[in-house]
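Remarks on the structure that follows.
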Amino acid sequence: MSEVDSAELFQHPDRNLAMELVRATEAAAIRATPWIGRGDKNAADQAAVDAMRKFLSTVNFSGLVVIGEGEKDHAPMLFNGEIVGTGNGPLCDIAVDPIDGTSLTAAGRSHAISMIAVSERGSMLDASSVFYMEKIVASHEAIGVVDISLPIGENIRALAKAKNKAVEDMRIAVLDRPRHEQLIADIRAVGAGTRLILDGDVAGGINAARHDTRIDMCVGIGGSPEGVATACAVKALGGFMQGRLSPTTDEEKQRGLDAGLRFDHIYGVNDLVSGDNTFFVATGVTDGELVRGVRRDGPIISTESIVLRARSGTIRRVSADHQASKWLGD
């Protein structure tokens with residue numbers, strides 16, 4: 001192999017990396033399961049963080065945590081800026097959320113996942129200085145049709161026409177938050193239905209970008225880091241996504257400006273993640289439309305994961321059975 005070929009291999013995530021990442025999300029999901037419905041989201045999150053970090057340390061790559069559990073002073077592991085992996089293999093940016101939906105997990109509700117997104121080093125937008133982002137996500141039919149700057153009613157009607165659906169058959173996912181009261185009213189006023197999300201809008205965005213779900217669009221203000229992670233999945237699905245940063249204070253906006261972020265700009269999927277070889281991996285913690293949650297049947301623990309890869313345009317589902325004694329000490 002020439003020096004050029006060797007350097008190129010080192011710079012780009014390899015397809016085998018995806019299966020290594022699945023082991024990390026499976027571990028996080030399994031370790032979190034004893035805390036499902038126990039009312040302690042911090043304990044669930046800590047168990048998942050510990051497990052994910054342990055498994056990531058064995059993966060042959062050099063992963064820079066662009067989106068993690070927070071700055072180093074607030075998170076002992078998987079903090080923003082941490083390098084994980086063995087240091088051998090491709091140089092990558094990674095976004096991690098050991099549990100997207102800690103409140104869902106603590107309450108025993110559906111749609112909690114453990115997720116990792118990966119792309120080439122330097123390709124993920126670091127939007128961590130601004131916590132919120134207004135987002136709109138849909139399937140490929142929305143490309144050239146939907147625009148976040150338009151009223152939601154216009155976007156719903158335009159997408160319904162592109163999908164050859166009646167407006168009243170459209171289902172729009174929105175985080176159930178007071179800030180979205182008017183948005184929800186506007187969606188219903190045009191004749192569409194809502195699917196209100198209690199927590200964790202990454203799965204909602206992915207379901208909106210897929211072709212085989214009842215969700216046609218996911219809209220509203222959610223976390224900026226989650227937006228970048230969602231973009232990795234949307235890119236692999238060939239879907240549509242736009243985002244606008246939504247600072248809550250002048251101080252937060254200034255931090256964003258200092259970090260080079262733009263507030264007069266609509267971020268497209270390629271702005272959020274510019275790499276062409278993105279991976280998105282998620283394992284279900286609790287049952288959801290995207291993936292099934294962890295199940296235990298006697299000595300066996302079963303998991304379901306989804307693996308999305310942009311370069312090949314593939315969606316893979318990974319079902320695994322694990323010996324409970326190896327995980328929970330039984």
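Counting from 1, the numbers follow the sequence of the chain as shown.
Rounding to the nearest 0.5 Å gives a distance of 4.0 Å between CG of D321 and OG of S302. Residue F279 holds its CZ atom at 12.0 Å from CD1 of I116, rounded to the nearest 0.5 Å.
For D212, the salt bridge (charged side-chain N to carboxylate O under 4.0 Å, His left out) criterion is met by R210, not counting sequence neighbours. Every residue two or more places apart in sequence or in another chain was checked for a salt bridge (charged side-chain N to carboxylate O under 4.0 Å, His left out) with K253, and none qualifies. Q254 pairs by the side chain to side chain contact (heavy atoms under 4.5 Å, CB included) definition with L257, D258, not counting sequence neighbours. Partners of R23 under the salt bridge (charged side-chain N to carboxylate O under 4.0 Å, His left out) rule, at least two apart in sequence or in another chain, are E20. With sequence neighbours left out, the side chain to side chain contact (heavy atoms under 4.5 Å, CB included) criterion links A32 to A48, I99, V285.
In this structure, E154 contributes its side chain and L150 its backbone to no donor-acceptor pair below 3.5 Å. Within the 3.5 Å criterion, the main-chain N or O of G298 finds a donor-acceptor partner in the side chain of R296. A distance-only check finds a donor-acceptor pair linking the side chain of S224 to the backbone of V130 [under 3.5 Å]. The main-chain N or O of A203 is found under 3.5 Å from a side-chain atom of N207 such that the two form a donor-acceptor pair.
A 4.5 Å side-chain heavy-atom check between V66 and N80 finds every atom pair outside the cut-off. V167 places a side-chain heavy atom less than 4.5 Å from the side chain of V190.
Applying the salt bridge (Lys or Arg N to Asp or Glu O under 4.0 Å) test to every pair with at least one member in residues 179-191, sequence neighbours left out, gives no pairs at all. Annotation: salt bridge (Lys or Arg N to Asp or Glu O under 4.0 Å) contacts involving residues 235-251, sequence neighbours excluded, comprise E134-R244. For residues 83-95, the set of pairs meeting the salt bridge (Lys or Arg N to Asp or Glu O under 4.0 Å) definition, not counting sequence neighbours, comprises D93-R121. Within the structure, every pair that satisfies the salt bridge (Lys or Arg N to Asp or Glu O under 4.0 Å) test and touches residues 39-57, not counting sequence neighbours, is listed here: R53-E82.
Ring to ring, H265 and Y267 are close: their centroids are under 6.0 angstrom apart.
Between the side chains of T283 and S305, at least one donor N or O lies within less than 3.5 Å of an accepting N or O. A donor atom on one side chain and an acceptor atom on the other are found under 3.5 Å apart for N277 and R309.
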Taking distance alone, no hydrogens or angles, what donor-acceptor pairs closer than 3.5 Å link side-chain atoms of residues 139-146 to residues at least two apart or in another chain?
unit_1	atom_1	unit_2	atom_2	d
S139	OG	E141	OE1	2.4

If you look only at distance, which donor and acceptor atoms sit under 3.5 Å apart when one is on a side chain in residues 105-115 and the other is two or more places apart or in another chain?
unit_1	atom_1	unit_2	atom_2	d
T105	OG1	G101	O	3.0
H111	ND1	E289	N	3.4
S114	OG	P98	O	3.0

I'd like a table of donor-acceptor pairs (distance under 3.5 Å, sequence neighbours excluded) in which one partner is a side-chain atom from residues 171-178, with atom names and distances.
unit_1	atom_1	unit_2	atom_2	d
R171	NH1	E168	O	3.1
R177	NH1	L198	O	2.8
R177	NH2	L198	O	3.2

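Shortest non-hydrogen contact noted between D199 and I197 is O-CG2, 3.1 Å.
V59 is connected to V318 through a chain of hydrophobic side-chain contacts under 4.5 Å among Ile, Leu, Val, Met, Phe, Trp and Tyr, so both are in one cluster.
In summary, of the residues considered (D271, T230, I136), a side chain to side chain contact (heavy atoms under 4.5 Å, CB included) with M241 occurs for T230 alone.
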